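Notes for the one structure printed next.
Everything numeric here is computed off the predicted structure, so don't read it as measured data. Just so it is clear: chains get the letters A, B, ... in the order the sequence lines come, proteins before strands, and each one is counted from 1.
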Protein chains: 2
Amino acid sequence: MSQDGAGIDLGTSLGYLLKETSSALRTAMEEVLRPLEMSVTHYSCLELLAQRPGLSNSELARGAFVTRQTMNVLLQALERDGDVTRPARAPVGKVLPTRLTPRGRRRLEKASAAVRSVEVRMLAGLTEAERSDATRILRNMIHSLRGDGA
Amino acid sequence: MSQDGAGIDLGTSLGYLLKETSSALRTAMEEVLRPLEMSVTHYSCLELLAQRPGLSNSELARGAFVTRQTMNVLLQALERDGDVTRPARAPVGKVLPTRLTPRGRRRLEKASAAVRSVEVRMLAGLTEAERSDATRILRNMIHSLRGDGA
DNA sequence: TGACTCATGTCAGGATTCTGACATAGATTC
DNA sequence: GAATCTATGTCAGAATCCTGACATGAGTCA
């Protein structure tokens, strides 16, 4: 049952637990976004644009953890629906700065409230100290995984 | 930049940080599994079978956080490659208990070592106390997200 | 100036995963 | 015992995402 030298005990593995938590969070987000006819990637893109207007396709892709090809088709759909706008020609280089339309901003407000309620629920059982612990620990993990200087 | 009442600050959101960590972990796992010609879902399935032999298709799907249809096509591929075996007829009900073959066990050993090295790297900067904190906090989040009694 | 490198936007094709649907076996209820 | 409910395995089609590839624009360097 426990580690026998050649396996990972999924019951105690932090990696597995991380995936489990992430999966539960994604499922919860999908549930509250479905009534708004919006996917998680959809929402991530709009939220990124609200905080940093003018982000390019590639930058949005990195922020939403997908490839720029995937983000591109998503942006085309959002553009067609009138949630975002992109200039026809790049003002400088090839980068097309994307911006939310008023319609996109309205849709985002509802989605953002829904997602915030999920995050509140997720953190309900944690103290303020535990939340800051979690932030510090997760940032440490990311740092180590990306292999900075190690 | 900070919370203006209608958005989630992605720079401080634990939900976003969770997704970022999970994404970094997945990328790191894909990197070390690629030389072994094995995907993450692939590996998850074999690891589950090593710890709990005789698991059914549906149980494996839940353990790997995919649908049973997805797990089914994966099992068919693993069966074709000779990594797992399933009886032609169900001994009881419709449940087909799956087991690792010696070949599957050998492939898993290499993959497991590779994944373990990733997990070690991920936790390298954390104290023992921080690791147990992380475990407790993540379990708490899962519990809250699944909405038990709340 | 010209060659080189890098990042970007975009198109095409393929792989992966999901949703929908169906038949079947066991458990539950009456 | 019959009806109902739930869970399982499986097939088919669709949606999503990725890999590969190409042309273009900006920065670097000789």
*How would nucleotides 4-16 of chain C be written as a contact map, 5' to 3', with B for base contact, S for sugar-phosphate-only contact and - for no contact, using protein heavy atoms under 4.0 Å?*
----BBBB-----
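- Side chain to side chain, A/Thr135 and A/Ser132 fail the donor-acceptor criterion of an N or O pair below 3.5 Å.
- Side-chain polar atoms of B/Glu20 and B/Tyr16 form no donor-acceptor pair below 3.5 angstrom.
- A salt bridge links B/Glu30 with B/Arg26: at least one charged nitrogen is closer than 4.0 Å to a carboxylate oxygen.
- Screening B/Asp81, B/Leu78, B/Thr85 for a side chain to side chain contact (heavy atoms under 4.5 Å, CB included) with B/Thr101, the sole residue that qualifies is B/Thr85.
- Look at CG on B/Leu74: it is 15 Å from C1' on C/dC18, rounded to the nearest Å.
- Every residue two or more places apart in sequence or in another chain that forms a salt bridge (Lys or Arg N to Asp or Glu O under 4.0 Å) with A/Arg136 is listed here: A/Asp133, B/Glu130.
- One atom, NE2 of A/His42, and another, P of D/dA15, lie 14 Å apart when rounded to the nearest Å.
- In this model, the phosphate group of C/dC18 is approached by a side-chain N or O of B/Thr67 to a distance below 4.0 Å at OP1 or OP2.
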